[in-house]
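Just below is one structure, and these are the notes that go with it.
In each ligand, atom 1 is the first atom listed, and ligand 1 is the first ligand listed. Predicted model only: the values in this text are computed from it and were never measured.
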Amino acid sequence: MADTLFSLAEGIRRCTACPLYKNRTLAVPGEGGVGARLMLIGEAPGAQEDRVGLPFVGRSGKFLDLMLQKIGLLRNEVFVTGACKCRPLDNRMPMHKELVMCRELWLNKQIELVSARVVVLLGGAALWSVLGEKDVKKWHGRVVVRDARMYFVTYHPAAGMRFPAIRKIMERDFEKLKKMV
Ligand code: SF4
């Protein structure tokens, strides 16, 4: 049977393919629908996301909503997910092998199914997982076309929220993004 976003989400909630499943409360498949104008990929669930099973519900979620508002979009018009679907303990960065497993099993299929006009990579984990690049400082604000799909790189909202200089950079990046959507 062909995958749907719903069947992928069900699979993610049951997934035990990497050790991250052991400490999760709830996996976080993502939120949004097929054909969303933008798909945004963050890092991994934090404590609040892990409790409710939804992406970007904490303070960085509010910051992300603000950035989206600046380009005239609401959360329900985009698809939001993470490079990893289960919370790493103590909010550590997901390991490369965890990112690879989650990408191969779930993220690549979500990207294909959502089929957004632009896929936004928020921060280093998403950048490495999807494009195999490490340096957000070098890649932010740039469009990368890979397999006929447009990717746009910027910082993670948690960094924008914490550091005023990164917030300014993100505002400029989102201005560029606005022209693309
Ligand atoms: S992080 Fe991804 S691969 Fe690992 S258990 Fe969760 S859903 Fe499965």
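Note on Cys18: counted as a metal contact of atom 4 (Fe) of ligand 1, an N/O/S atom lying under 2.8 Å. Among the atoms of Cys86, an N, O or S atom falls under 2.8 Å of atom 6 (Fe) of ligand 1.
Other residues, nucleotides and ligands place more than 12 heavy atoms under 6.0 Å from the CZ atom of Arg142. Heavy atoms from other residues, nucleotides or ligands lying under 6.0 Å from CG of Asp147 number 12 at most.
Side-chain atoms of Asp50 come within 3.5 Å of backbone N or O of Thr25 as a donor-acceptor pair. Side chain of Glu49 to main chain of Val57: a donor-acceptor pair is present (N/O by atom type, distance under 3.5 Å, no hydrogens or angles). Judged by distance alone, with hydrogens and angles left aside, the side-chain atoms of Arg13 form no donor-acceptor pair with the main-chain N or O of Gly53 at under 3.5 Å.
Interface atoms of ligand 1 facing Trp106, defined by a heavy-atom separation under 4.0 Å, are 7 (S), 8 (Fe). Close approach of ligand 1 to Cys15 (heavy-atom distance below 4.0 Å) involves ligand atoms 3 (S), 5 (S), 7 (S), 8 (Fe). Atoms of ligand 1 found under 4.0 Å from any heavy atom of Tyr21 (numbered from 1 in listed order, with element): 5 (S). Atoms of ligand 1 lying under 4.0 Å from at least one heavy atom of Met101, given by number and element, are 3 (S).
Protein heavy atom closest to atom 2 (Fe) of ligand 1, with residue, atom name and distance, is Cys102 SG, 2.3 Å.
Aromatic ring pairs are classed by plane angle as parallel below 30°, tilted from 30° to 60° and perpendicular above 60°; the pair His96 and Trp128 is parallel.
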